[in-house]
Amino acid sequence: MRIEETLQNSITNVLKQLYGIDAEVNTITLQKTKKEFTGDLTLVVFPFVKAARKSPEAVANEIGAAVAENCPAVASFNVIKGFLNFEINKNYWVDFVLQNADAEKYGFKTADSNQAPIVVEYSSPNTNKPLHLGHIRNNLLGWSVSELLKADGNNVKKVNLVNDRGIHICKSMLAWLKYGNGETPESSGMKGDHLVGKYYVLFDKHYKEQIKELVETKGIDEEEAAKTAPLMLEAQEMLRKWEAKDPEVYALWEKMNGWVYSGFDVTYKRLGIDFDKIYYESQTYLLGKETVMKGLQDGVLFRKEDGSVWADLTGDGLDQKLLLRKDGTSVYMTQDLGTAQLRQKDYNAEKLMYVVGNEQDYHFTVLKLILGKLGFEWGKKIHHLSYGMVELPNGKMKSREGTVVDADDLIDEMVATAEQTSKEKGRSDEGTDPQEQAHLYYILAMGALKYFILKVDPQKNMLFNPQESIDFNGNTGPFIQYTHARIRSIIRKSQEQLHVDLSQNPDTASVELNDKEREIVKILHDAPAIIDQAAQNYSPAMIANYVYDLAKSFNSFYQDTPILREENANVLKFRLKLCDFVAKVIKNMMGILGIEVPEKM
RNA sequence: GGUCUUGUAGCUCAGCUGGAUAGAGCAACUGCCUUCUAAGCAGUAGGUCCUGCGUUCGAAUCGCAGCAAGAUCACCA
């Protein structure tokens, strides 16, 4: 039994015996004893002093004495004001290490693949432009939360919904037809998504020129000009043709989307993210339309005079929401009604999770409400994992102002920085395979980037300053990767030079724990609770902060405690076991973040 | 204007369901490589936890009000 549980039980009994207090076991909360006091776990006794009718110190002393009496694992206790600090027997910690050090995934639960899955949608790109830093946060978060939920024992399915249809892609297509001269990714050497993005920008440029011209020559206002500019009319015409499945338009659409997909694939691969299933909006929006029509028939929705279809949410304190335009075409909400159903049908999910920015909070409130009105009970299972925006020092990224941080560029820069940093440290040792070297730079770069993004609480907006490249020192991914590499180096040497047999446990009689070791052991001991907590909060940031604490404590220990130079064979072996345990937990926790850890660096 | 989110050191962030003297990293300043990898360690300095009121034995944490920033309230997605 874990020590917290043992103590909780004992304390519950003691409270009953001493004061007749009936406390639920799980209401007894123990906290970690602060560093400046001696002890491992602390009980705050203030909640019981009233019922006990004694001073906090007296209560703490009485409880402490009784618990120490009953629990062999308690080595001693001390009382400071109303705080009862228990010191746990060294044997408990030592045994804990030896019993768990060899576990491949300490603290991880295994998922039952038969249970209803949590379906996590993330990424959800538009196919008209390449991915940028905002998408990076979404992708890393969605992937990592999925892994986190798996680690906590859930069956998880990762899905992507590609927004492949609509006026935006028509704009790129039109511009390519007009100004592209048949340019392809092959002919230009450009990544497909960037090539298509280039024409999206080009459309906007020419479109703006047309508007300006219209305003100047015809004297109409800008709003009117925007609606009547020939390019816009052509784009809309193209969309109509697309919906009518005009063969030429359709073929072009497939060709250009194909370019984008292969471009995305490269970026996804570099980011290390993947999906179990990919949905395409072009294949789901019709179901949304049908659903709306049915809702209309059932009288849940209503039609306005102009023919548009709406949901009335005024009874829920919200507004009316458009679901079908007067010309019968669908909007964003319409297709989301379709995809949600399809997904529910495909997976019969326990939870439908959407990793989408907080700018769409309103959309998801409405989506759930409308699904409920349409009679879909499972609408309640939708959970919008809402995360904050990535901001630049001068505010939000704006594609029109050219302040977008491109995903591919950023990754390239990170890799270059990693290589440069590595060389400055004189770590580009000769003799190593260049491919291995390149892989190291890549995982360090991605480690820095991923950690930088994931360590921030998802809910909060975060700031990225392109001027100051992401750090490799301090509270960073590479710091943790470095710690891992150091440990692996020690383990290697213990095998190659000292031939220590780690498959046998040491005799623990002579093993004592110094403060640093005890600190590390306690952090390791927390791993299961941290995974649990992080999963409940959908927060990879909690994992990031945990693994940083662990690495930091290890480095402090490493600095002043000899490991390979330890002469007592049992102590040596115990320390190696502890090191190995730390390395594994670092590796596994970083794995949840999607960060690889190197054997050497 | 309504709704939602955020506000902690110069900067970037932790601080979990209320608990002891609010913690890290970066930047600044001091030390430590002949010893297991210095991408490290040890230390100094840096705080009106946005403000006020309330709840509580106890509030950065909970409630209310205010201030500030952001998002949203589209026949965009």
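Below, chain A is the first sequence line, B the second, and so on; all start at residue 1.
- Proximity of N473(A) to the phosphate of G40(B): a side-chain N or O atom is located under 4.0 Å from OP1 or OP2.
- No hydrogens or angles were tested; on distance alone, a donor-acceptor pair under 3.5 Å links the side chain of S422(A) to the base of A39(B).
- Within the nucleic acid shown, P56(A) has no heavy atom closer than 4.0 Å to any nucleic acid atom.
- For the residue pair S124(A) / E121(A), a side-chain donor-acceptor distance below 3.5 Å is found, with atom types taken as modelled.
- As judged by a 4.0 angstrom heavy-atom cut-off over every strand, N128(A) is placed among residues making no nucleic acid contact.
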The test is ring pair (Phe, Tyr, Trp, His ring centres under 6.0 Å); show your working for F364(A) and Y354(A) and say whether it passes.
CA-CA 9 Å; F364(A) 284 98; Y354(A) 291 77; 5.0 Å; yes
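- C4(B): Watson-Crick or G-U partner is G70(B), with both key distances under 3.5 Å.
- The residue among S330(A) and K32(A) whose nearest nucleotide of RNA chain B is located toward the 5' end is K32(A).
- Side-chain contact, D164(A) with S282(A): a donor N or O sits under 3.5 Å from an acceptor N or O.
- C29(B): Watson-Crick or G-U partner is G43(B), with both key distances under 3.5 Å.
- The side chain of Q459(A) contributes an N or O atom lying less than 4.0 Å from OP1 or OP2 of U6(B).
- Where stacking is scored as ring centres under 5.5 Å apart with planes under 30°, F37(A) registers as stacked on the base of A20(B).
- Interface remark: the S124(A) side chain does not form any donor-acceptor pair with the A77(B) base, using a distance-only criterion of under 3.5 Å.
- Here Y482(A) reaches the OP1 or OP2 of A39(B): one of its side-chain N or O atoms lies under 4.0 Å away.
- No contact: S539(A) has no heavy atom under 4.0 Å from any strand.
- Taking the charged nitrogens against the carboxylate oxygens, K208(A) and D204(A) do have a contact shorter than 4.0 Å, which makes a salt bridge.
- Ring-to-base geometry places F83(A) in a stacked arrangement with A20(B) (centre distance under 5.5 Å, plane angle under 30°).
- With respect to E57(A) and K81(A), no salt bridge is recorded, no charged nitrogen being found less than 4.0 Å from a carboxylate O.
- Stacking here means ring centres nearer than 5.5 Å and ring planes tilted less than 30 degrees, and by that measure Y558(A) does not stack onto G40(B).
- Going from the C1' atom of U48(B) to that of U8(B) covers 11 Å, rounded to whole Å.
- Residue K516(A) places none of its side-chain N or O atoms closer than 4.0 Å to OP1 or OP2 of C41(B).
- In this structure, the nucleotide among A39(B), G25(B), G40(B) sitting nearest to the side chain of Y548(A) is G25(B).
- Below the 3.5 angstrom threshold, one finds no donor paired with an acceptor across the side chain of N555(A) and the base of A42(B).
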Which protein N or O atoms sit under 3.5 Å from an N or O of nucleotides 68-75 of chain B?
residue	atom	partner	partner atom	Å
C75(B)	N4	D306(A)	OD2	2.2

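- Here R165(A) pairs with E243(A) in a salt bridge; the nearest charged N to carboxylate O distance falls below 4.0 Å.
- Ring pair F479(A)/Y482(A): centre-to-centre distance not below 6.0 Å.
- Of the N and O atoms on the side chains of K516(A) and S556(A), at least one donor lies less than 3.5 Å from an acceptor on the other residue.
- Between K552(A) and G23(B) there is no side-chain polar atom (N or O) within less than 4.0 angstrom of OP1 or OP2.
- Between N545(A) and L84(A), the residue anchored nearer the 5' end of RNA chain B, judged by the nucleotide with its closest heavy atom, is N545(A).
- Remark: P of A24(B) and CE of M542(A) are 19 Å apart, rounded to the nearest angstrom.
- Between the P atoms of G43(B) and G23(B), the separation comes to 14 Å (whole Å).
- Across all strands shown, U37(B) remains unpaired; no Watson-Crick or G-U wobble contact has both distances below 3.5 Å.
- Rounded to an integer number of Å, the gap from F554(A) CZ to U37(B) P is 11 Å.
- Side-chain nitrogen and oxygen atoms of K34(A) include none within less than 4.0 Å of the OP1 or OP2 phosphate oxygen of G23(B).
- Rounded to whole Å, the distance from CZ on F364(A) to P on U5(B) is 17 Å.
- Taking 4.0 angstrom as the limit, S489(A) places a side-chain polar atom (N or O) nearer than this to OP1 or OP2 of U37(B).
- Note on S556(A): a side-chain N or O is less than 4.0 Å away from OP1 or OP2 of A42(B).
- Under the 4.0 Å criterion applied to side-chain N and carboxylate O atoms, D40(A) and K522(A) are assigned as salt-bridge partners.
- Base pairing analysis places C62(B) opposite G54(B); the two distances defining the Watson-Crick or G-U wobble pair are each below 3.5 Å.
- Nucleotide C16(B) forms a pair with no other nucleotide shown, judged by Watson-Crick or G-U wobble geometry with both contacts under 3.5 Å.
- Residue-level contact check: T476(A) touches neither bases nor backbone, having no heavy atom under 4.0 Å from any strand.
- The glycosidic torsion of C33(B) lies within 90° of 0, which places this base in the syn conformation.
- If you look at Y332(A) and H363(A), their ring centroids are closer than 6.0 Å.
- When the side-chain nitrogen and oxygen atoms of K455(A) are compared with OP1 and OP2 of G25(B), none of them lie within a distance under 4.0 Å.
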